[in-house]
Amino acid sequence: MATKTAQPADEALGYEQARDELIDVVRRLEAGGTSLEESLALWERGEELAKVCRRWLDGARARLDAALAEEGEEEAGETEGADEE
C-alpha cells in the first residue's frame with residue numbers, strides 16, 4: 001500500500017535523485033542488519049526507484065532516437081536537393 005501513495009511523489013523525482021536514493025537502498029540491503037520486514041520494504045522501494053530511472057532512461061533514448069532520425073531526414077533532404085540542381 002505504501003507504494004501506491006508514494007508513486008505520485010516518485011513521478012516528480014528526477015533521474016539523479018532516484019538513482020542516488022536507489023544507491024542508498026542497495027547499500028543498506030548489502031550491509032544487512034535489517035529485519036525481514038525492513039528488507040522487504042527496502043526491496044520494494046528499490047524496485048520503484050529502478051522503474052523511475054528506467055522511465056527517465058527510456059525517455060532520453062526516445063528523444064535521442066527522434067533527434068537522430070530528424071537529423072538523418074534533414075541530411076537526406078539536403079542530398080536530394082543537391083542532386084536535383
Side-chain angles (χ1 to χ4, degrees):
M1 296 233 187
T3 55
K4 291 193 186 270
T5 57
Q7 193 169 3
D10 289 344
E11 291 174 5
L13 282 177
Y15 172 77
E16 289 81 7
Q17 292 170 308
R19 180 202 59 210
D20 291 346
E21 188 177 342
L22 180 57
I23 290 168
D24 183 55
V25 166
V26 170
R27 282 187 188 139
R28 291 172 62 190
L29 284 169
E30 287 178 340
T34 57
S35 69
L36 177 59
E37 189 64 32
E38 290 171 324
S39 295
L40 286 173
L42 284 169
W43 179 270
E44 290 171 347
R45 181 63 181 156
E47 289 291 328
E48 290 301 315
L49 291 165
K51 288 177 188 176
V52 170
C53 290
R54 174 57 55 198
R55 282 194 300 267
W56 275 104
L57 292 173
D58 289 346
R61 169 55 67 191
R63 289 174 59 191
L64 179 60
D65 289 345
L68 290 173
E70 185 178 308
E71 183 179 298
E73 289 171 6
E74 288 175 3
E75 288 177 4
E78 290 173 7
T79 304
E80 288 174 12
D83 291 342
E84 293 175 7
E85 291 178 11

If you compare all heavy atoms of [X] against all heavy atoms of [Y], which two are closest, and at what distance to 0.1 Å?
X   : Y   : answer
Y15 : W56 : N-NE1, 3.5 Å
L29 : S39 : CD2-O, 3.7 Å
C53 : R19 : SG-N, 3.6 Å

State the [atom1]-[atom2] distance between [X] and [Y], to the nearest 0.5 angstrom.
X   : Y   : atom1 : atom2 : answer
E30 : R27 : CD    : CZ    : 9.0 Å
D58 : R61 : CG    : CZ    : 9.5 Å
L57 : R55 : CG    : CZ    : 11.5 Å
L22 : L42 : CG    : CG    : 11.0 Å

ask   = Does L13 reach the side chain of L49, with side-chain heavy atoms less than 4.5 Å apart?
value = yes

task = Spell out, yes or no, whether V25 and W43 are grouped together once hydrophobic residues are joined by side-chain heavy atoms under 4.5 Å, including indirect joins.
result = yes

request  = Show your reasoning for whether salt bridge (Lys or Arg N to Asp or Glu O under 4.0 Å) applies to E48 and K51.
outcome  = CA-CA 5 Å; E48 290 301 315; K51 288 177 188 176; 3.6 Å; yes

query = Within a radius of less than 6.0 Å around CZ of R28, do more than 12 heavy atoms belonging to other residues, nucleotides or ligands occur?
reply = no

